[in-house]
Amino acid sequence: MAKESTTIEVGEPSTMTKSTSHVVVDEKKKMGFVVATAGGGYKRGLAIFDFLLRLAAIVTTITASSVMYTAEETLPFFTQFLQFQAGYDDFATFQFFVIAIAMVASYLVLSLPFSIVTIIRPLAAAPRLILLVSDTVVVTLTTSAAAAATAIVYLAHNGNPNTNWLPICQQFGDFCQAVSSAVVAASIAVVFFIVLIVISAIALKRH
Amino acid sequence: MKNESTIIDVPAESSSAMKGKAPLIGVASGSGGYKRGLSIFDFLLRLAAIIAASVAAGTMFTSDETLPFFTQFLQFEAGYDDLPTYQFFVIAMSIVSGYLVLSLPISVVTIVRPLATAPRLLLLVLDTAALAFNMAAASSAAAISYLAHNGNQNTNWLPICQQFGDFCLKSSGAVVSSFVAVVFFTILVVLSGVALKRH
């Protein structure tokens with residue numbers, strides 16, 4: 001092992017090299033910073049889209065719940081076998097629908113601050129994960145309410161000859177229409193929720 | 001501008017000694033280890049969900065009942081194809097079971113490559129769609145089961161369970177089994193979300 005002592009002379013060229021090395025370090029910092037905001041930029045766009053979708057879902061669920069709640073009809077005549085009044089509280093499934101969709105609407109309002117946090121801090125994973133988990137739970141509740149009400153609405157429109165369940169829509173036309181549109185609005189809310197879950201998952205993906 | 005050439009002697013041993021140590025390998029398997037555990041749990045949960053979904057479809061499909069006597073107003077035979085909602089239930093649960101079987105290879109890929117995010121994202125998206133589909137089938141069948149058990153006085157819909165006891169039992173059991181599959185799906189979606197989280 002031969003070691004040589006070396007002398008390095010520091011003179012004018014060193015100041016020039018110092019300035020160039022300074023620029024190199026700056027460039028590295030600049031590039032790193034640009035990469036960070038680029039990743040944050042597209043995630044911020046996803047977060048803004050998430051917020052807007054949440055607002056749309058709030059409108060849809062409140063519409064569904066209130067239309068079902070106010071879907072009453074009183075017939076002007078009297079029939080022997082059926083009641084001459086129909087409301088959402090005549091069906092246990094519709095009662096469940098009103099309560100469940102109202103709970104979903106209030107959850108959405110409470111989740112708006114979390115969505116705003118993901119807009120401000122696009123690279124934070126904890127708010128997005130919380131939103132993903134709670135959105136998954138809420139999508140099951142919404143789908144459950146919408147599907148159960150759809151089954152009852154289908155029966156009300158078509159009846160079932162095998163079980164002697166008569167279709168009531170032929171007597172209660174207005175009630176049927178209101179109830180059907182409430183179910184459609186809830187199904188649209190389910191689609192919104194699925195898109196929200198997918199957005200949260202894509203934004204959680206690391207690079 | 002003066003330029004001086006310098007000679008730096010690098011002893012041969014140090015470079016090979018440094019090559020021997022590679023600290024990066026330990027760090028990679030560390031985070032891959034816990035994600036691999038999540039993937040294995042995901043695979044087992046998928047197997048359990050296959051059993052739950054296929055039991056639900058099969059029980060509903062074979063829930064026929066023929067009464068030994070004859071009544072004037074109601075049929076003396078009841079099966080899943082007498083109610084369109086139950087038909088939808090059988091078809092939907094079969095589709096969900098088929099999807100779960102087809103998703104097993106993707107789950108195996110996430111076990112083998114724990115740090116890859118594309119298979120997990122694909123599984124999460126498909127699992128969310130399957131969760132919504134499963135829940136729709138389960139809850140619409142539950143609404144019809146509730147009607148079959150209790151009826152509805154306001155609309156004069158009579159409860160048929162009082163005549164068709166076995167049919168009611170089997171169809172209600174199928175509905176319960178599909179709700180169990182829904183719970184599994186929820187856990188699967190949350191698992192994929194946690195495993196996608198970057199560090």
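To find a chain, count down the sequence lines: A is the first, B the second, and so on, and within it residues start at 1.
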Interface moiety of S144(A) toward chain B, non-hydrogen atoms closer than 4.5 Å: both
Donor-acceptor pair, side chain of D90(A) and main chain of N154(B), under 3.5 angstrom: no
Crowding at CZ, F61(B) (>12 non-hydrogen neighbours, <6.0 Å): no
Derivation and outcome, side chain to side chain contact (heavy atoms under 4.5 Å, CB included), residues V190(B) and L132(A): CA-CA 7 Å; V190(B) 170; L132(A) 184 110; 5.6 Å; no
N/O donor-acceptor pair under 3.5 Å between N160(A) side chain and D82(B) backbone: yes
More than 12 heavy atoms of other groups within 6.0 Å of Y107(A) OH: yes
F175(A), CZ: over 12 other non-hydrogen atoms inside 6.0 angstrom: yes
Rounded distance [0.5 Å steps], CD1 in I202(A) versus OG1 in T117(B): 11.0 Å
Rounded distance [0.5 Å steps], OG1 in T163(A) versus CG in L83(B): 5.5 Å
Residues in residues 37-54 of chain B that sit under 4.5 Å from chain A, counting heavy atoms only: none
F91(A) and W157(B), any side-chain heavy atoms less than 4.5 Å apart: yes
Residues of residues 134-149 of chain B contacting chain A, heavy-atom criterion under 4.5 Å, by residue number: M135(B), A136(B), S139(B), S140(B), A143(B), I144(B), Y146(B), L147(B), A148(B)
Side-chain heavy atoms of L166(A) within contact of T155(B), under 4.5 Å: no
Choice from N150(B), T85(B), L121(B) maximising heavy atom contacts with chain A below 4.5 Å: L121(B)
Point-to-point distance, once rounded to the nearest 0.5 Å, from OG1 of T136(A) to CG of L124(B): 7.0 Å
Max heavy-atom pair count under 4.5 Å with chain B, selected residue of L155(A), N158(A), I194(A): L155(A)
Among the listed options V137(A), I152(A), V190(A), the residue most often paired with chain B at heavy-atom distances under 4.5 Å: I152(A)
More than 12 heavy atoms from other groups under 6.0 Å of CD on Q177(A): no
